[in-house]
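The model shown is predicted, which means the values in this text are computed figures rather than measured ones.
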Amino acid sequence: MLAAVALSADARDSGRRPSKRAIAQAVKQVAGFLGNTPAVARTSYIDPRVFDRYLSGWTIAPALKKGADAFGLEQESTRRVIESAVIDLIEARPSPALEQVA
C-alpha cells in the first residue's frame with residue numbers, strides 16, 4: 001500500500017512518465033518507513049503488481065485526493081479508501097479510485 005501511495009504521489013507531483021527511478025525511490029521510502037533495507041522491502045512487503053501497474057501508467061491518485069499525503073494514513077476512513085484503491089490496482093479492476101497517467 002505504501003509503495004502505491006508513494007508512486008501515485010510522485011506521478012501526481014512530477015507529471016513525468018512512469019519510471020524505474022521512481023520505483024527505486026518508492027522502495028527506499030517504504031524501506032525507511034518499515035525500518036528495513038530496500039531489498040527486504042521489495043521482496044517481502046511490496047506486491048510486484050504495484051510496479052507493473054505503475055509502469056503501465058496506472059496509479060491510485062484519485063484515492064489520494066480524498067485526503068492522504070505520501071504516508072499520512074492516520075485516519076481509518078482514509079486508510080480504507082486507499083486500501084480499496086490498492087486492491088483495485090493490483091487486481092486490475094476498473095475503479096474510479098484509479099487513474100491512468102502519461
- Has the side chain of Ser56 got a donor or acceptor atom that lies under 3.5 Å from a matching backbone atom of Asp52? yes

- Item | Side-chain donor/acceptor of Ser95 to backbone N/O of Ala97, under 3.5 Å | yes

- Message: Within the 4.5 Å heavy-atom criterion, are Leu2 and Gln29 side-chain neighbours or not?
- Response: no

- When rounded to the nearest 0.5 angstrom, what distance separates CG in Leu89 from OG1 in Thr59? 8.0 Å

- CD1-CD1 distance between Ile60 and Ile87, expressed to the nearest 0.5 angstrom: 11.0 Å

Tell me the closest heavy-atom pair linking [X] and [Y], and the distance in Å.
{"X": "Ala41", "Y": "Val27", "result": "CB-O, 4.3 Å"}
{"X": "Pro96", "Y": "Pro62", "result": "O-CB, 3.4 Å"}
{"X": "Ala6", "Y": "Ala26", "result": "CB-CB, 3.9 Å"}
{"X": "Ala3", "Y": "Ile46", "result": "CB-CG2, 3.7 Å"}

- salt bridge (charged side-chain N to carboxylate O under 4.0 Å, His left out): which pairs involve residues 20-33, sequence neighbours left out? none

- May I have all residue pairs that pass salt bridge (charged side-chain N to carboxylate O under 4.0 Å, His left out) and include part of residues 87-97, sequence neighbours excluded? Asp88-Arg93, Glu91-Arg93

- Residues pairing under side chain to side chain donor-acceptor pair (under 3.5 Å) where one sits in residues 34-48, two or more places apart or in two chains, turn out to be Asp47-Arg49

- Message: Holding to side chain to side chain contact (heavy atoms under 4.5 Å, CB included), I want the full list of residues that pass it with Ala22, two or more places apart in sequence or in another chain.
- Response: Leu7, Asp10, Ser19, Tyr54

